[in-house]
Amino acid sequence: MMKRGVVMGLIFSLVLAAVMLTAEPAMAVSSPEIVVDGQRLLLPAGEPGPVISSEGRVLVPARWIAEALGLRVSWQETTRQAIFEDAHQRTVLTIGSSTAQMGQDTVKLDSPAAVLQGRTYVPLRFVTEAFGARVAWDPQARQVNIESFQSLAAQLKQLFQIRGIGLGDPAALVVTLWGEPLEKLPSEYAFEWWIYHDHYRNYVQVGVEKERVTALYTNGIHWESDSGLVAGSLQTAVRQVLGKPLDWIEKGQNRYLRDGKKHSDLFLMQDIAYGEFYYDIHENHQVTAVQVTLKQTEESMSGFLGNQRPELEESYSRQLFLLANSLRTRMGLPAFQWNEQAAQAAEKHSRDMGAKDYFSHETPEGRTFVQRLTAEGLRFTKAGENIAANLNAINAHEALMNSPGHRANLLSDMTHLGTGSSQGHQGTFELLHTQKFLSF
């Protein structure tokens, strides 16, 4: 399915990340008000408050914002570091440094922390979002509105959760409840996919960015929502509860059309997260999978495919194999075994289609998928092939499952599978996937 962008009018862009201020920064006419969970923050008399530079960026006293968000904060004089902590996360900002340490991750800052008027000042947006809060700027009221993680967490858990894990939860909580992930795979988003399953049952992908859960996908049954929707709910019930699905999604100044996908609906839920509900159109349009993604995470990704990178090819290929087997175990079928030679044939075909700008089971030279498998030295009794284009791994899998011929291969009695993806092409097909099925 092709995605296309439509240019919109100029949209106001909020900038709250702090810049480095000197001892005598250029200040705006007045300092902004800071409101957390509907309550205006007040400083003790005589204490310096938030400052805003002429560029419109906000810095706040470290201890003040930490107390407002329920965080512990300490100061290390020898290293000139402000250390913020809660029960699950530790974030360190060093005066004058362009990076911060979030758990094990080093994160680039728009600007370092600073010392002003004898106080440690930190970038408001970075610190609040580092601990799962949401920030919005009201230019008319000159007011920064913050929803703390504690406030958001309750809303996010009501929207969607899987076995106690919801959007915004600390990554450490995922490990506490579920253990270490079986695999970690890069994604087209800013987050990394953590993979969990029990021999392909109860399959879950957890999107983790900056030590927080920012996305969840599952094609299992163990998810909950206060909406009353469950795995197996009908499409009509989903639309009755969540309303009309989105025909497009707005990112920056672009509007991206969804081109009438029949096997899924996308919703913006309570202006917090996007939820995509996938259906099995061959089983009365029942919900078979769900992906929820924080609104900010989704809207910060370019288009529907993000910034394609070489390491994503292996990730897409691996996800297509895992998703195929999670589908088969859900259907009561044995899992496919991996076949490396079939995978090599699959990858070569994806690359060939991209290089020559075609989309077919037969090459421009007339070579069939059977001939391509034989060329890899394979001898088999039965074989099949699926191909998909311009979709990430999850959407490719869900689309293939809803196409009769491709579904037949996924649910066939063939025993082995190899997958291969190729991206970054300049022609019609930016991203291509091939699955090779066979029995011996």
Has Glu340 got more than 12 heavy atoms of other residues, nucleotides or ligands less than 6.0 Å from its CD? yes

Should we count CD of Gln143 as having more than 12 external heavy atoms under 6.0 Å? yes

Check step by step if side chain to side chain contact (heavy atoms under 4.5 Å, CB included) holds for Phe126 and Thr91. CA-CA 10 Å; Phe126 172 78; Thr91 295; 3.9 Å; yes

For [X], salt bridge (Lys or Arg N to Asp or Glu O under 4.0 Å) partners two or more places apart:
X: Glu224; value: none
X: Glu283; value: none
X: Glu67; value: none
X: Asp271; value: Lys295

Partners meeting side chain to side chain contact (heavy atoms under 4.5 Å, CB included) with [X] (sequence neighbours left out):
X: Thr79; answer: Gln76, Gln81
X: Thr99; answer: Ser97, Thr106
X: Ser317; answer: Trp338, Thr419, Ser421

Can you find a side-chain donor-acceptor pair between [X] and [Y] that sits under 3.5 Å?
X: Asn386; Y: Gln435; value: yes
X: Ser148; Y: Asp37; value: yes
X: Ser315; Y: Gln319; value: yes

Side-chain contact test, heavy atoms from C-beta onward, threshold under 4.5 Å: evaluate it for [X] versus [Y] and give yes or no.
X: Arg407; Y: Leu410; value: no
X: Pro186; Y: Trp193; value: no
X: Arg125; Y: Trp137; value: no
X: Val60; Y: Pro50; value: yes
X: Leu109; Y: Leu93; value: yes
X: Phe267; Y: Val241; value: no
X: Asn395; Y: Glu276; value: yes

How would you list, by chain and number, every residue that makes a ring-ring contact (aromatic ring centres under 6.0 Å, His included) with [X], sequence neighbours excluded?
X: Phe160; value: Trp223
X: Trp178; value: Tyr196
X: Tyr274; value: none
X: Tyr217; value: none

Side chain to side chain contact (heavy atoms under 4.5 Å, CB included) for Val144 and Thr128? Distances and angles first, verdict last. CA-CA 11 Å; Val144 180; Thr128 52; over 6 Å; no

Least distance between heavy atoms, Glu298 atom then Gly303 atom: OE2-O, 4.4 Å

Identified side chain to side chain contact (heavy atoms under 4.5 Å, CB included) counterpart of His197 within the set Asn325, Thr218, Asn202, Leu322: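 Only one option passes, and that is Leu322.
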
Side chain of Asp265, backbone of Phe277: donor and acceptor closer than 3.5 Å? no

Any salt bridge (charged side-chain N to carboxylate O under 4.0 Å, His left out) involving residues 164-190? Give me the pairs, sequence neighbours left out, ordered by first then second residue.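 Non-adjacent pairs meeting salt bridge (charged side-chain N to carboxylate O under 4.0 Å, His left out): Lys157-Asp169, Glu183-Arg318.
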
